[in-house]
Asks: 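Below: one structure in structure tokens.
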Amino acid sequence: MLKISGEALAGDRGLGFDFSTIDRIADEIQTVKSTGASLGLVIGGGNSVRGSQLSKLGLDRVSADYMGMLGTVINALAVQDVLERKGMATRVMTAIRMEELAEPYIRRRALSHLEKGLIVIFAAGTGNPYFSTDTAAAWRAIQIKAQVIIKATRVGGVCSADTQQDAHAKLYRGASYRAVVVACPTGRE
Ligand code: UDP
């Protein structure tokens with residue numbers, strides 16, 4: 001399972017799409033596929049809408065999260081198009097039904113697509129507000145019995161601060177669940 005953040009699709013722009021970056025990611029996906037591995041993708045939406053940020057501007061959090069999930073579907077269609085132009089067979093499956101443009105997520109059907117060698121792009125996250133596409137990646141990975149989850153993002157891992165804003169942000173090489181809970185007892189972001 002490969003999780004690609006929305007920002008990864010935006011390249012250096014931060015917002016929207018950078019098709020040369022998506023093209024490069026697609027080439028890497030093709031290399032992985034050529035090893036014979038089954039491959040599922042979960043695509044984020046941070047290049048357009050993050051619910052938590054929009055809700056700080058006054059939008060209802062649930063509506064903002066649904067907007068974020070719709071953003072992941074737009075991204076999934078963009079990635080699908082680029083992958084298919086390179087000859088890879090794909091299916092987009094959404095956690096929120098929109099059958100005119102993508103299949104609804106049905107686990108057994110996802111497994112069948114993967115067995116046939118199709119790349120399955122899981123869109124719309126978990127389908128629920130107050131979650132993230134990282135959660136969706138872990139959740140879908142368990143359901144499809146993925147052996148590996150890889151996250152493609154703009155930072156090297158979990159850091160002590162936002163690396164874009166703090167040049168001294170420290171990268172944590174590892175952390176136990178307990179250490180995270182103790183460090184962040186109120187569950188702040
Ligand atoms: N989102 C959500 N539920 C989910 C997945 C995503 O509500 O299961 C919304 C949430 O608002 C989130 C946005 O979609 O901020 C985009 O997803 P995410 O922030 O995970 O994207 P990424 O950071 O990977 O680009």
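Treat the numbers as computed from the prediction; the structure is a model and nothing was measured. Ligands are counted one by one from 1 in listed order, and the atoms in each one are counted from 1 as well.
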Asks: Answer yes or no: are there more than 12 heavy-atom neighbours, outside Q147 itself, under 6.0 Å from its atom CD?
Replies: no
Asks: Provide, to 0.1 Å, the distance between atom 21 (O) of ligand 1 and the closest protein heavy atom, together with that atom's residue and name.
Replies: G45 N, 3.0 Å
Asks: Number the atoms of ligand 1 from 1 as they appear, then name those within less than 4.0 Å of a heavy atom of P129, with their elements.
Replies: 7 (O)
Asks: In the structure I gave you, are the side-chain heavy atoms of L57 and Q53 within less than 4.5 Å of one another anywhere?
Replies: no
Asks: Please report whether ligand 1 has a polar contact with G125, defined as an N or O pair separated by less than 3.5 Å (distance criterion only).
Replies: no
Asks: For atom 11 (O) of ligand 1, which of L70, D65, V62 has the closest heavy atom?
Replies: D65
Asks: I'd like to check which ligand 1 atoms, numbered from 1 as shown, lie under 4.0 Å from a non-hydrogen atom of K3.
Replies: 24 (O)
Asks: Is there any salt bridge (Lys or Arg N to Asp or Glu O under 4.0 Å) pair reaching into residues 33-51, and which pairs are they, with sequence neighbours excluded?
Replies: E7-R50
Asks: Any donor-acceptor pair under 3.5 Å linking the side-chain atoms of D134 with those of S132?
Replies: no
Asks: Tell me, which protein residue and heavy-atom name are nearest atom 1 (N) of ligand 1, and how many Å apart are they?
Replies: F131 O, 3.3 Å
Asks: Is there a polar contact between ligand 1 and D134, counting only N or O atoms under 3.5 Å apart?
Replies: no
Asks: With heavy atoms of T126 as the reference, note each atom of ligand 1 found under 4.0 Å away.
Replies: 4 (C), 8 (O)
Asks: Looking at D12, I'd like to know if its CG atom is crowded, meaning that more than 12 non-hydrogen atoms belonging to other residues, nucleotides or ligands lie closer than 6.0 Å.
Replies: no
Asks: Could you check whether K3 and T133, counting side-chain N and O atoms only, form a donor-acceptor pair closer than 3.5 Å?
Replies: yes
Asks: Under 4.0 Å from a heavy atom of G46: give me the atoms of ligand 1 that qualify, with their elements.
Replies: 21 (O), 22 (P), 25 (O)
Asks: At a 4.0 Å threshold, what atoms of ligand 1 neighbour a non-hydrogen atom of S5?
Replies: 24 (O), 25 (O)
Asks: In the protein, which heavy atom is nearest to atom 5 (C) of ligand 1, and how far is it?
Replies: S132 C, 3.4 Å
Asks: Which atoms of ligand 1 have any heavy atom of N128 under 4.0 Å away?
Replies: 2 (C), 3 (N), 4 (C), 7 (O), 8 (O)
Asks: With clusters defined by side-chain heavy atoms of hydrophobic residues (ILVMFWY) lying less than 4.5 Å apart, directly or transitively, does L41 cluster with M88?
Replies: yes
Asks: For atom 17 (O) of ligand 1, tell me which residue out of I43, T133, N47, I4 has the closest non-hydrogen atom.
Replies: T133
Asks: With distance as the sole test, does Q30 use its side chain to make a donor-acceptor pair with the main-chain N or O of K86 at under 3.5 Å?
Replies: yes
Asks: Quick one: which ligand 1 atoms are inside 4.0 Å of a heavy atom on G44?
Replies: 21 (O), 22 (P), 24 (O), 25 (O)
Asks: So, does N75 use its side chain to make a donor-acceptor pair with the main chain of G44 at under 3.5 Å?
Replies: yes
Asks: As a check for students: among E7, R50, Q53, identify the option with a heavy atom nearest to atom 22 (P) of ligand 1.
Replies: R50
Asks: Please list the nearest protein heavy atom to atom 12 (C) of ligand 1 with its residue and the distance rounded to 0.1 Å.
Replies: G51 N, 4.1 Å
Asks: Flag the pair V79 / L9 as yes when at least one side-chain heavy-atom distance between them is below 4.5 Å, and no otherwise.
Replies: yes
Asks: Is there side-chain contact between I144 and R140, with heavy atoms separated by less than 4.5 Å?
Replies: no
Asks: Is it the case that ligand 1 has an N or O less than 3.5 angstrom from some N or O of S52?
Replies: no
Asks: Quick check on contacts: which atoms of ligand 1 are under 4.0 angstrom from a heavy atom of V49?
Replies: 13 (C), 16 (C)
Asks: Among all protein heavy atoms, pick out the one at the shortest distance from atom 14 (O) of ligand 1; state its residue, atom name and that distance to 0.1 Å.
Replies: G68 C, 3.2 Å
Asks: Taking side chain as C-beta onward, heavy atoms only, is H113 less than 4.5 Å from M93?
Replies: yes
